[in-house]
Amino acid sequence: MQSSCVDEVQLPARSVESRLVVEGLITDEKPPYTVKLSYTGEYNSLIYGQNEIPVNGADVRIIEVGGRTVKLEQDPLTPSYYWMRDSTFVGKVGRSYQLHIELSDGKSFVSNPELLKPVSEIDRIYAEFRGRADTEFREPDHYQVFIDTKEPAEAGNYYRWSGYGYVPRTSTGEPIGFAGICCNWCWIPVYGSQSDVLSDVYINGNTISRRPVLSSPIYYVGRHYIEIRQYSLTRQAYQFWVRFEEQRKRTGSLFDPLPASIEGNVHAEGDTTVLALGYFGSSAVTKGRLIIPGDTLNAERIKIKYGDIFVAEGNCQLAYSQGQLTAPNW
């Protein structure tokens with residue numbers, strides 16, 4: 001009989017110092033605007049990363065270059081978020097905006113001026129059914145949502161899209177009365193990517209056609225309520241989102257180098273070499289909505305195809321995050 005032993009391997013610990021993270025956007029839509037401030041938890045390669053740490057007690061202001069400055073208020077329940085609710089302060093196309101942050105320890109950070117550029121209207125939003133592949137047993141069918149929009153003739157336009165929707169879902173429900181079932185149907189939110197971006201370098205002046213912007217999963221029969229938002233970007237913001245998406249898709253092992261920090265346009269006041277993570281941007285926004293009827297799908301066929309793999313136990317609202325009993329009033 002043979003025996004063997006395993007030698008313990010001592011890995012060197014790698015640590016990364018905590019850094020300020022800034023996430024914020026001003027648009028040409030009416031307020032409120034939000035800015036999220038946090039510190040990265042100290043990263044240690046042997047104990048993995050800690051959660052983000054809220055930034056408390058900061059003085060946060062949005063500056064319109066050559067215009068007004070408005071102060072944001074910290075949310076008492078979710079202290080990472082600072083809100084600007086002044087309805088008289090609205091982002092304007094052609095103006096530039098900065099974020100100024102003074103931390104409780106006296107350190108100050110400022111963003112580079114960000115020009116709020118115009119954006120085209122969305123011409124059309126539409127969806128097409130896509131069945132799951134045989135190898136995607138635990139994935140539902142879905143609707144692929146597309147947009148068409150006209151690209152202006154001048155060069156140097158950059159876009160970002162985001163989408164969300166509400167889709168029907170079922171659960172086992174909970175007993176009520178004699179042999180009754182309560183709350184076994186609800187609507188849940190679904191979200192698309194926040195980093196879906198495009199440059200006009202190869203399509204300047206042409207139509208952006210059949211741009212996929214959201215995948216809306218089909219868990220049960222019923223309508224899908226979809227909203228798509230189209231944002232303008234500066235070149236610097238576009239480059240930030242490209243780097244963000246590249247890192248998001250990056251996979252590796254424990255022995256790989258740490259991911260590169262995604263530094264944006266926020267730096268220490270008076271020292272551009274001390275950079276925060278994240279980005280403060282300004283965008284014009286156009287949006288459109290789509291209701292997908294879902295009337296070509298049969299409930300019994302869905303049950304046969306899926307079985308119960310997408311049916312959670314209990315009250316539908318509680319079984320799924322942010323579930324609601326009524327459909328959106330669109």
Side-chain angles (χ1 to χ4, degrees), residues 122-149 159-173 181 183-198 202-203 206-231 241 244-246 248-251 287-330:
I122 297 175
D123 294 331
R124 184 185 175 209
I125 305 176
Y126 50 103
E128 297 176 1
F129 174 81
R130 297 285 188 270
R132 64 180 180 176
D134 292 339
T135 57
E136 299 173 328
F137 174 71
R138 302 200 68 82
E139 296 294 326
D141 298 334
H142 67 277
Y143 292 110
Q144 183 63 60
V145 181
F146 301 89
I147 62 103
D148 294 342
T149 187
Y159 302 89
R160 181 170 70 90
W161 291 277
S162 69
Y164 80 97
Y166 288 90
V167 304
R169 195 152 188 184
T170 60
S171 69
T172 58
I181 295 293
C183 314
N184 62 339
W185 169 286
C186 62
W187 303 83
I188 65 165
V190 294
Y191 300 96
S193 170
Q194 294 295 311
S195 52
D196 180 11
V197 297
L198 179 72
Y202 296 118
I203 57 168
N206 295 313
T207 297
I208 300 173
S209 180
R210 291 183 61 80
R211 175 75 184 188
V213 288
L214 180 68
S215 175
S216 188
I218 302 170
Y219 298 109
Y220 198 63
V221 296
R223 293 182 173 183
H224 289 215
Y225 296 83
I226 305 296
E227 180 173 295
I228 304 299
R229 300 169 69 86
Q230 179 168 276
Y231 300 86
W241 285 109
F244 178 92
E245 182 64 11
E246 288 173 349
R248 188 186 69 83
K249 292 180 177 179
R250 178 184 180 276
T251 58
K287 62 185 178 182
R289 286 177 172 177
L290 172 70
I291 298 178
I292 305 172
D295 54 6
T296 60
L297 300 174
N298 179 277
E300 291 304 317
R301 180 168 66 88
I302 287 281
K303 291 178 182 178
I304 293 172
K305 185 173 184 178
Y306 289 171
D308 60 358
I309 61 174
F310 300 122
V311 180
E313 295 185 1
N315 185 308
C316 194
Q317 274 189 296
L318 303 177
Y320 306 112
S321 176
Q322 301 177 349
Q324 60 185 49
L325 294 180
T326 57
N329 186 24
W330 290 3

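All of these numbers come straight from a predicted model, not from anything done at the bench.
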Would a 4.5 Å heavy-atom cut-off, applied to side chains only, mark [X] and [Y] as touching?
| X | Y | value |
| --- | --- | --- |
| Leu297 | Asp141 | no |
| Tyr126 | Arg210 | yes |
| Tyr306 | Pro140 | yes |
| Tyr220 | Val311 | no |
| Tyr231 | Tyr159 | no |

Interatomic spacing from [atom1] in [X] to [atom2] in [Y] - rounded to 0.5 Å:
| X | Y | atom1 | atom2 | result |
| --- | --- | --- | --- | --- |
| Gln230 | Ile147 | CD | CD1 | 5.0 Å |
| Ser216 | His142 | OG | NE2 | 9.5 Å |
| Ile125 | Ile228 | CD1 | CD1 | 5.5 Å |
| Tyr166 | Glu227 | OH | CD | 9.5 Å |
| Trp241 | Ser193 | CH2 | OG | 8.0 Å |
| Tyr225 | Leu290 | OH | CG | 11.5 Å |

Considering only distance and modelled atom types, tabulate donor-acceptor pairs under 3.5 Å from the side chains of residues 319-330, sequence neighbours left out.
residue, atom, partner, partner atom, Å
Tyr320, OH, Thr170, O, 2.7
Tyr320, OH, Phe310, O, 3.1
Tyr320, OH, Ala312, N, 2.9
Gln322, OE1, Tyr191, OH, 3.0
Gln324, NE2, Thr326, O, 2.9

Open item on the list: Tell me which one of Glu245, Arg160, Glu246 satisfies side-chain hydrogen bond (donor to acceptor under 3.5 Å, both in side chains) with Ser195.
Closed with: Glu245
Taking all heavy atoms of [X] and all of [Y], pick out the closest pair and write down the distance.
| X | Y | answer |
| --- | --- | --- |
| Arg211 | Ile208 | CB-CG2, 4.0 Å |
| Gly314 | Ser171 | O-OG, 2.6 Å |
| His224 | Ile218 | CE1-CG1, 3.9 Å |
| Tyr219 | Val167 | CD1-CG2, 4.2 Å |
| Trp161 | Val197 | CZ3-C, 4.4 Å |
| Val221 | Ile302 | CG1-CG1, 4.1 Å |

Open item on the list: What verdict does the side-chain contact (heavy atoms from CB on, under 4.5 Å) test give for Asn184 and Cys316, after you've listed the backbone C-alpha separation in whole Å, the side-chain angles of each residue and the deciding distance to 0.1 Å?
Closed with: CA-CA 5 Å; Asn184 62 339; Cys316 194; 5.7 Å; no
Open item on the list: Heavy-atom count check: over 12 atoms from other residues, nucleotides or ligands less than 6.0 Å from Arg132 CZ?
Closed with: yes
Open item on the list: Between Arg130 and Glu139, does the salt bridge (charged side-chain N to carboxylate O under 4.0 Å, His left out) criterion hold? Intermediate values first, please.
Closed with: CA-CA 12 Å; Arg130 297 285 188 270; Glu139 296 294 326; over 6 Å; no
TODO: Sequence neighbours left out, what passes disulfide bond (SG atoms under 2.5 Å apart) with Cys183? Give chain and number order.
DONE: none
